[in-house]
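Numbering starts at 1 and runs along the sequence shown.
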Amino acid sequence: LAGGLTNGTVGTELARLTNNTLEKNYPYLRTRVGVLEDNRLYAGAVGAGIFANSSSPVTLAFSILGAKESEIDTELQAIKEGGMDAVHLDYIDGIFTPEVEPFDGTLYMSRIQTITGLPVHMHLMSQSPGRDLFSKLIDVGLQPGRDTVMIHVESYGNIREVREAMASLEHIKVDVALTLNPETPLRTLRGLGQDLGKVDMFNLMGVKPGASGRPFVNRVFDKLEALVRFRSTRELFFQIRIDGGLNEQRAKRCKDLGADILTVRTAIITSREDIDKAMRIFKQNISSSPVSNSSPLPVWDQAKRKAQDY
C-alpha cells in the first residue's frame, strides 16, 4: 500500500485486510479505525498499512471497583449516558493482593452487558490465572473479539508461564493485555521475544494494585514514555493503558505522553457533578488536551505524516 487512500476506498480495503492475517498480527489496527467515514487509511511506514484516526481520541474505561452493591446499576446507567468507552472490571482472588478482600467481577458481566453494551476490560488480580478462569470468563459472557483480559506479569513464576497464559487467551480469541505493577521494570518483558507481537495491550498500573483510590506513583510517567518510545522504535501496534490514580491533570499528561486508554473512577465519583455529567466533562477536557511537542510521535502518527508528504 502506498500513500493515503481516499474515504471511498476505505471500506473495500478494510474488508480485504480483515480477511487475511494482518488483522490477527496487528490487532491494534482495528481499534484505531473508528467510524470509517471520518478516517483515512495511511500506509508505507512499515509496509503493511496503518489506520490512523485523525483526532486520535483517548479511550476512557470506568472502574466499578469500590461501588456499593446498591449503586452499581445506577453507575452503569451513568456510564452509558456519560459517554464512557469501556467498563473496567476486576477479579480479585485475595491471594495475589492479600491485603484486599476477594472480589468476583464475573458476577456483574450480565448486568454490564444488559445496561451498557460496552466492551469489558477484565483485570485479573489473581495468582497464576489459567485456563479454568479464562473459560469461566467466556461462560459468564466475555465476548471474544470485543473484550480484553488483562493478566499480571507478576502473577506468574517466570516469562514462560506468561507466554503459556497468553497462548490460552489467544485460543479463546480474546484480546490479550499484560499488566505491570509500578515497580516492575519494562526489561521484564525481554523474554517474550516475538510474542510481543501477540500482545494487544500493555496495562501500566499507576497505583499499587488492589483497592480503589490509592495514590498515583509518579515514576509511571517515565515508564509510559519509555514504552511509547519502544513501541515506535520496534514498529509494534499494541495499545497502552494506564490504570489507577488518575485525576484530570495526570490523565492529560498520560495522553500527551502517548497513552491510548485511561482507567478512571475516583476522579469521577468525587466530582460535584452527577456521574454522567462528570464523565462527559472529564472526557471532553482530556480529549482536547494538546499533544506535547516533547513526546515521541507514536508510529501511526509517523506513518500519517509520511503519507501526507507524498
Side-chain angles (χ1 to χ4, degrees), residues 1-5 17 21-34 39-59 148 150 153 166 175-180 182 184-206 218-243 246 250-263 286-287 289-310:
L1 302 175
L5 299 180
L17 291 174
T21 59
L22 183 60
E23 185 183 28
K24 178 59 180 174
N25 292 335
Y26 302 106
Y28 185 75
L29 298 182
R30 69 175 179 269
T31 67
R32 301 298 297 188
V33 177
N39 292 269
R40 297 179 66 196
L41 176 64
Y42 294 93
V46 296
I50 297 172
F51 288 106
N53 186 298
S54 58
S55 59
S56 296
V58 70
T59 293
T148 302
M150 301 178 284
V153 172
M166 289 173 57
D175 284 357
V176 179
L178 296 185
T179 298
L180 285 83
T184 303
L186 293 178
R187 63 176 177 272
T188 305
L189 304 172
R190 289 175 180 171
L192 288 177
Q194 292 186 348
D195 283 346
L196 278 169
K198 299 178 181 179
V199 179
D200 299 286
M201 180 195 301
F202 279 102
N203 182 46
L204 301 183
M205 294 299 300
N218 284 324
R219 65 174 176 269
V220 173
F221 289 129
D222 295 330
K223 182 187 289 188
L224 168 60
E225 191 168 10
L227 187 57
V228 170
R229 188 180 303 111
F230 174 80
R231 176 175 65 182
S232 178
T233 301
R234 295 288 294 271
E235 296 179 344
L236 295 168
F237 295 90
F238 53 77
Q239 290 183 297
I240 301 175
R241 188 179 191 275
I242 306 296
D243 182 359
L246 293 177
R250 297 187 194 105
K252 284 185 177 182
R253 184 173 177 186
C254 287
K255 176 184 182 293
D256 291 351
L257 288 173
D260 307 289
I261 304 171
L262 306 175
T263 306
I286 298 304
S287 298
S289 171
V291 176
S292 169
N293 291 329
S294 61
S295 62
L297 278 174
V299 65
W300 58 86
D301 286 339
Q302 294 178 18
K304 178 178 177 181
R305 177 171 293 180
K306 288 183 179 181
Q308 289 174 326
D309 287 340
Y310 287 151

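Judged by distance alone, the side chain of Asp200 and the main-chain N or O of Val176 form a donor-acceptor pair under 3.5 Å. Asp260 contributes a side-chain N or O that, together with a main-chain N or O of Ile240, makes up a donor-acceptor pair within less than 3.5 Å. Side-chain atoms of Ser232 do not come within 3.5 Å of backbone N or O of Arg229 as any donor-acceptor pair. When atom types are taken as modelled, the side chain of Lys255 and the backbone of Leu262 share no donor-acceptor pair closer than 3.5 angstrom.
Nearest heavy-atom pair across Gly206 and Pro182 is C-CG, 4.3 Å. Between Thr188 and Thr184, the shortest heavy-atom distance links the atoms OG1-CG2, 3.6 Å. Listed here is the closest heavy atom pair of Arg231 and Gly258: NH2-O, 3.2 Å. Pairing each heavy atom of Pro185 with each of Leu180, the nearest pair is O-CD2, 3.9 Å. Shortest non-hydrogen contact noted between Ile242 and Ala259 is CG1-CB, 3.9 Å. Nearest heavy-atom pair, Ala251 versus Leu246, reported as atom, atom and distance to 0.1 Å: N-CD2, 4.1 Å.
Evaluated for a side chain to side chain contact (heavy atoms under 4.5 Å, CB included) with Phe202, the options Thr179, Leu196, Leu186, Leu224 yield exactly one hit, Leu196. The only option from Leu204, Val220, Ile261, Thr263 that meets the side chain to side chain contact (heavy atoms under 4.5 Å, CB included) definition with Asp243 turns out to be Thr263.
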Candidate pair Leu178 and Leu192, rule side chain to side chain contact (heavy atoms under 4.5 Å, CB included), full reasoning: CA-CA 11 Å; Leu178 296 185; Leu192 288 177; 3.5 Å; yes

message: Run the salt bridge (Lys or Arg N to Asp or Glu O under 4.0 Å) test on Asp222 and Arg219 for me, step by step, so that the C-alpha distance in whole Å, both residues' side-chain angles and the decisive distance to 0.1 Å come before the verdict.
response: CA-CA 5 Å; Asp222 295 330; Arg219 65 174 176 269; over 6 Å; no

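Under the 4.5 Å side-chain criterion, counting only non-hydrogen atoms from C-beta, Val199 is in contact with Met166.
With values rounded to the nearest 0.5 angstrom, Asp256 atom CG is found 8.5 Å from Ile286 atom CD1.
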